[in-house]
Amino acid sequence: MDTLWTFIVHRRHQLLVDSYLHVSAVVQSVLLATVVSVLIGVLVYRSPFGSSIASALAGAVLTVPSFALLGLLIPILGLGVAPTITALVVYALLPILRNTIIGLASVDPAVTDAARGVGMNRLRVLARIELPLAWPAILTGMRVSTQLIMGILALAAYAKGPGLGNLIFSGLARLGSPNAVPQALVGTLLVVVLALALDAIYVLIGRLTTSRGIRD
């Protein structure tokens with residue numbers, strides 16, 4: 001325990017930087033995946049066939065091992081941030097897309113009919129009625145995707161990606177040296193702590209952005 005604490009004290013600056021880069025990469029990837037997923041969801045949620053195809057394609061990506069996907073992206077995008085963010089966005093799509101489709105499809109038709117009855121066009125109904133009602137489901141998908149790619153990002157050290165994965169891989173590669181185990185352990189624990197912190201932030205965002213009528 002003393003060795004672990006000593007490592008944290010001596011490497012605190014590196015740990016803060018790596019933690020920031022890890023969270024930044026995850027948040028950016030989830031936001032990009034959310035934009036893509038919501039756009040696709042809006043296009044297909046009225047069509048059972050289209051919804052099934054979109055979900056199946058997004059789900060097929062999850063069957064590809066992260067190491068394999070990164071290996072396929074490296075020759076195209078090189079090493080570093082580009083293949084890492086691309087892989088994370090692709091892995092984050094399915095939970096958000098599926099929840100977007102479910103959320104939009106579950107909006108009561110009577111509500112949208114009433115909105116059209118007072119003169120709202122299709123775009124205004126979507127923006128002011130359907131998306132706000134589907135927002136809790138979309139946010140849940142974002143929470144799931146965030147937890148999913150927090151761990152996947154650690155593996156992106158293979159592609160020289162940012163974040164705590166470099167710390168973990170470096171420690172595992174140096175097993176037997178004095179600081180190897182503390183280095184790998186601290187990196188792993190930080191990933192878990194950051195994942196829990198982001199999930200708590202999502203809960204707060206949900207409370208602040210969801211109307212009380214929908215929550216209740």
Side-chain angles (χ1 to χ4, degrees), residues 23-74 76-77 81-113 115-116 120-153 155-156 159 161 195 198-199 201-203 205-206 208-211 214:
V23 171
S24 177
V26 168
V27 170
Q28 291 179 62
S29 300
V30 170
L31 290 177
L32 287 172
T34 300
V35 171
V36 174
S37 297
V38 170
L39 287 175
I40 296 174
V42 167
L43 292 175
V44 304
Y45 81 97
R46 291 179 177 274
S47 167
F49 178 75
S51 299
S52 298
I53 292 298
S55 297
L57 291 175
V61 177
L62 292 181
T63 66
V64 180
S66 53
F67 272 117
L69 182 58
L70 287 167
L72 293 172
L73 291 173
I74 288 172
I76 302 171
L77 301 174
V81 174
T84 300
I85 297 298
T86 301
L88 293 182
V89 169
V90 169
Y91 280 119
L93 287 175
L94 179 62
I96 305 173
L97 175 60
R98 182 173 290 171
N99 277 35
T100 298
I101 293 172
I102 292 172
L104 289 172
S106 63
V107 174
D108 190 344
V111 175
T112 57
D113 288 343
R116 290 196 187 94
M120 286 189 180
N121 59 29
R122 177 73 187 88
L123 187 59
R124 290 185 67 192
V125 170
L126 176 66
R128 300 186 63 178
I129 305 295
E130 292 177 316
L131 283 176
L133 290 175
W135 170 241
I138 296 171
L139 188 63
T140 299
M142 293 171 67
R143 289 178 64 183
V144 173
S145 290
T146 298
Q147 302 304 306
L148 174 66
I149 66 175
M150 281 292 291
I152 293 175
L153 178 55
L155 299 177
L198 283 177
D199 197 61
I201 291 172
Y202 276 117
V203 173
I205 291 173
L208 294 175
T209 59
T210 304
S211 68
I214 298 175

Quick one: does [X]'s side chain get under 4.5 Å of [Y]'s, heavy atoms only?
X	Y	result
L57	I53	yes
V44	F49	no
N121	V125	no

Do you know which two heavy atoms are closest between [X] and [Y], and how far apart they sit?
X	Y	result
L88	A25	CD1-O, 4.2 Å
L77	A82	CD1-O, 3.9 Å
S29	V89	O-CG2, 3.6 Å
I96	S145	CG1-OG, 3.4 Å
V64	Y91	O-OH, 2.5 Å
P136	T210	CG-CG2, 3.8 Å

Donor-acceptor under 3.5 Å (N99 side chain, A137 main chain):
yes

When you measure from the side chain of S106 to the backbone of G103, do you find a donor-acceptor pair of N or O atoms at a distance under 3.5 Å?
yes

Measure the [atom1]-[atom2] distance between [X] and [Y] for me, rounded to the nearest 0.5 Å.
X	Y	atom1	atom2	value
L208	I201	CG	CD1	11.5 Å
L97	S37	CG	OG	5.0 Å
L148	L93	CG	CG	11.0 Å
L104	I101	CG	CD1	8.5 Å
I205	W135	CD1	CH2	7.0 Å
S51	I40	OG	CD1	11.0 Å

[X]: side chain to side chain donor-acceptor pair (under 3.5 Å) partners, not counting sequence neighbours:
X	value
R122	Y45, E130
T146	Y202
Q28	S24
R98	none

Residue pairs involving [range] (criterion salt bridge (charged side-chain N to carboxylate O under 4.0 Å, His left out); sequence neighbours excluded):
range	result
residues 54-74	none
residues 56-70	none
residues 131-152	R143-D199
residues 52-69	none

Once side-chain contact (heavy atoms from CB on, under 4.5 Å) is applied, do any residues pair with V38, and if so which ones, sequence neighbours excluded?
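Testing V38 for side-chain contact (heavy atoms from CB on, under 4.5 Å), a comparison that skips the adjacent residues, returns T34, V42, T100, L131, I138.
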
Contacts of L72 meeting side-chain contact (heavy atoms from CB on, under 4.5 Å) (sequence neighbours excluded), chain-then-number -> none

For R116, which residues count as a salt bridge (Lys or Arg N to Asp or Glu O under 4.0 Å) partner, sequence neighbours excluded?
D113

Apply the test side-chain contact (heavy atoms from CB on, under 4.5 Å) to residues V35 and L31: give CA-CA distance (whole Å), side-chain angles for both, the deciding distance (0.1 Å), then the verdict.
CA-CA 6 Å; V35 171; L31 290 177; 5.8 Å; no

Scan for side chain to side chain donor-acceptor pair (under 3.5 Å) pairs involving residues 56-74, sequence neighbours excluded, and state none if there are none.
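For residues 56-74: none.
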
